[in-house]
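Scroll down for the structure; my scribbles are underneath it.
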Amino acid sequence: MDKRTGVVTMGGNPMTLVGKEIRVGDKAPDFTGLKGDMSSFSLNDAGDKKKIISVVPSLDTGVCELQTIRFNEEAAELEDVAIITVSVDLPFAQKRFCSANGIDKVITVSDHRDLDFGLKYGFLMEEVRLLSRGIVVLDGENNVKYVEYVDQVGKHPDYDKALDAVRSI
């Protein structure tokens with residue numbers, strides 16, 4: 001399994017990212033996770049829409065909460081775009097978070113069971129078994145058009161670059 005160091009820190013501590021690094025130009029691999037109702041989710045479920053995959057360590061933290069709320073708000077302005085938030089939070093916690101925060105335009109997916117997304121996209125932080133923060137933008141054929149691995153987990157991603165990338169598709 002691929003491992004990368006020197007890419008991400010969490011609380012000032014270096015983290016090891018496990019899994020294949022995803023790059024612009026790659027064909028995005030299908031992945032599976034669980035939705036809030038415990039049903040299975042696959043990337044293919046989003047069909048041929050453009051996609052923003054918003055990756056967060058846990059919805060129960062401030063920056064992750066704001067990132068998810070921001071993309072939920074942006075979704076109203078975007079046509080034919082699926083926004084998928086992935087974390088290792090339990091599906092129950094994701095569902096509770098969405099209900100409490102009025103998140104209704106974002107698909108939340110739990111990667112807690114198999115870490116399928118984290119490993120296939122290289123976002124799994126080995127030391128803490130959480131996903132690192134980042135964004136992946138895909139076109140309708142699941143070609144990667146933009147990727148950001150945020151260098152410090154406590155920082156916000158570059159929302160504008162990600163939104164520009166999806167709008168330019």
Side-chain angles (χ1 to χ4, degrees), residues 4-15 17 19-31 33 35 41 43-89 94 97-98 100-111 117-118 120-125 128 130-169:
R4 295 175 291 134
T5 57
V7 178
V8 171
T9 62
M10 183 173 182
N13 299 309
M15 294 286 121
L17 292 181
K20 182 183 182 315
E21 179 181 4
I22 199 88
R23 295 189 168 124
V24 171
D26 287 350
K27 183 72 165 180
D30 192 20
F31 67 90
K35 295 189 288 189
F41 174 86
L43 180 63
N44 292 329
D45 293 345
D48 60 0
K49 290 183 175 186
K50 298 177 272 187
K51 297 156 196 81
I52 296 173
I53 303 174
S54 174
V55 190
V56 298
S58 175
L59 293 171
D60 284 330
T61 62
V63 176
C64 299
E65 177 179 346
L66 293 172
Q67 182 173 333
T68 304
I69 291 169
R70 168 82 186 264
F71 278 121
N72 191 66
E73 292 168 353
E74 294 289 349
E77 306 295 319
L78 299 170
E79 278 190 42
D80 203 35
V81 177
I83 300 176
I84 304 158
T85 294
V86 183
S87 74
V88 294
D89 293 306
Q94 290 182 337
F97 171 84
C98 290
N101 290 284
I103 305 297
D104 57 358
K105 295 173 185 65
V106 170
I107 302 164
T108 54
V109 177
S110 173
D111 200 30
F117 173 84
K120 287 180 177 174
Y121 285 69
F123 277 91
L124 177 63
M125 294 184 289
V128 292
L130 295 172
L131 301 180
S132 183
R133 182 176 318 286
I135 300 175
V136 181
V137 174
L138 309 176
D139 66 13
E141 289 79 43
N142 292 337
N143 296 303
V144 178
K145 296 298 184 180
Y146 174 82
V147 178
E148 180 184 10
Y149 291 90
V150 179
D151 62 349
Q152 295 174 36
V153 173
K155 284 178 31 182
H156 284 273
D158 192 329
Y159 301 107
D160 293 334
K161 279 188 181 176
L163 292 165
D164 288 347
V166 80
R167 288 182 182 117
S168 72
I169 297 172

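All heavy atoms count here, side chains included; hydrogens, waters and symmetry mates do not.
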**Request:** For Lys20, check salt bridge (Lys or Arg N to Asp or Glu O under 4.0 Å) against everything at least two apart and list the hits.
**Result:** Asp26

**Asked** Is the closest basic N to carboxylate O distance between Asp158 and Arg70 below 4.0 Å?
**Response** no

**Request:** Can you label the angle between the Tyr121 ring and the Phe31 ring as parallel, tilted or perpendicular, going by 30° and 60°?
**Result:** perpendicular

**Message:** Go through it in stages, so that I can follow the logic: the residues are Val106 and Ser54, the test is side-chain contact (heavy atoms from CB on, under 4.5 Å), and I'd like the CA-CA distance, side-chain angles, deciding distance and then a yes or no.
**Reply:** CA-CA 10 Å; Val106 170; Ser54 174; over 6 Å; no

**Request:** Please check if atom NZ in Lys161 has more than 12 non-hydrogen atoms from other residues, nucleotides or ligands closer than 6.0 Å.
**Result:** no

**Item:** Main-chain N/O of Glu141 paired with Asp139 side-chain donor or acceptor, under 3.5 Å
**Value:** yes

**Asked** How about Asn142 and Asn44: do any of their side-chain heavy atoms sit closer than 4.5 Å?
**Response** yes

**Request:** Before giving the answer on side-chain contact (heavy atoms from CB on, under 4.5 Å), spell out for Phe117 and Val55 the whole-Å C-alpha distance, their side-chain angles and the decisive distance to 0.1 Å.
**Result:** CA-CA 10 Å; Phe117 173 84; Val55 190; 3.6 Å; yes

**Request:** Measure across Ala46 and Ala82 and return the closest heavy-atom pair with its distance rounded to 0.1 Å.
**Result:** CB-CB, 4.0 Å

**Asked** If every non-hydrogen atom of Gly118 is compared with every non-hydrogen atom of Leu131, which pair is closest and at what distance?
**Response** CA-CD2, 3.5 Å

**Prompt:** Just wondering, do Leu59 and Ile103 contact through their side chains at under 4.5 Å, heavy atoms?
**Reply:** no

**Complete:** d(Leu138 CG, Ile84 CD1) to nearest 0.5 Å is 7.5 Å

**Item:** Point-to-point distance, once rounded to the nearest 0.5 Å, from CG of Asp104 to SG of Cys98
**Value:** 9.0 Å

**Prompt:** Ile52 and Tyr146: side-chain contact (heavy atoms from CB on, under 4.5 Å), yes or no, with the steps?
**Reply:** CA-CA 9 Å; Ile52 296 173; Tyr146 174 82; over 6 Å; no

**Request:** Look at the side chain of Arg4 and the backbone N and O of Gly122, then say whether any donor-acceptor pair between them is shorter than 3.5 Å.
**Result:** yes

List the atom pairs, donor and acceptor, that lie under 3.5 Å between side-chain atoms in residues 162-169 and the rest of the protein, sequence neighbours left out.
residue : atom : partner : partner atom : Å
Ser168  : OG   : Asp164  : O            : 3.4
Ser168  : OG   : Ala165  : O            : 2.9

**Asked** Is any side-chain heavy atom of Val7 less than 4.5 Å from a side-chain heavy atom of Asp151?
**Response** no

**Asked** If you look at every heavy atom in Val109 and Gly33, which pair is closest and at what distance?
**Response** CG1-CA, 3.7 Å

**Item:** From CA spacing to verdict: side chain to side chain donor-acceptor pair (under 3.5 Å), Ser110, Gln94
**Value:** CA-CA 8 Å; Ser110 173; Gln94 290 182 337; 4.8 Å; no

**Asp111 side-chain N/O to Val88 backbone N/O, donor-acceptor pair under 3.5 Å** = no

**Item:** Nearest heavy atoms of Pro29 and Leu43, plus distance in Å
**Value:** O-CD2, 3.6 Å

**Request:** Look at the side chain of Asn72 and the backbone N and O of Lys105, then say whether any donor-acceptor pair between them is shorter than 3.5 Å.
**Result:** yes

**Asked** Arg133 and Val153: which non-hydrogen atoms are nearest, and at how many Å?
**Response** NE-O, 2.8 Å

**Item:** With Phe97 via ring pair (Phe, Tyr, Trp, His ring centres under 6.0 Å) - residues at least two apart
**Value:** none

**Message:** Quick check for you: to the nearest 0.5 Å, what is the distance between Leu17 atom CG and Thr5 atom OG1?
**Reply:** 9.0 Å

**Item:** CD1 on Ile135 to NE2 on His156, rounded to 0.5 Å
**Value:** 11.0 Å

**Rounded distance [0.5 Å steps], CZ in Phe41 versus OG1 in Thr108** = 10.0 Å

**Request:** Might you point out which heavy atoms bring Ala75 and Ile83 nearest each other, and give the distance in Å?
**Result:** CB-CD1, 3.6 Å

**Item:** Under 3.5 Å donor-acceptor, Lys51 side chain and Lys49 backbone
**Value:** yes

**Message:** I'd like to know if the side chain of Lys50 and the backbone of Val137 have a donor-acceptor N/O pair within less than 3.5 Å.
**Reply:** no

**Prompt:** Mind checking whether Ile107 and Asp45 have side chains closer than 4.5 Å, heavy atoms only?
**Reply:** no

**Request:** Please tell me if the side chains of Lys27 and Asn143 come closer than 4.5 Å, counting only heavy atoms from C-beta onward.
**Result:** yes

**Complete:** The reported gap from OH in Tyr159 to CD in Glu148 (rounded to nearest 0.5 angstrom) is 9.5 Å

**Asked** Can you find a heavy atom in the side chain of Val81 that is under 4.5 Å from one in the side chain of Glu74?
**Response** no

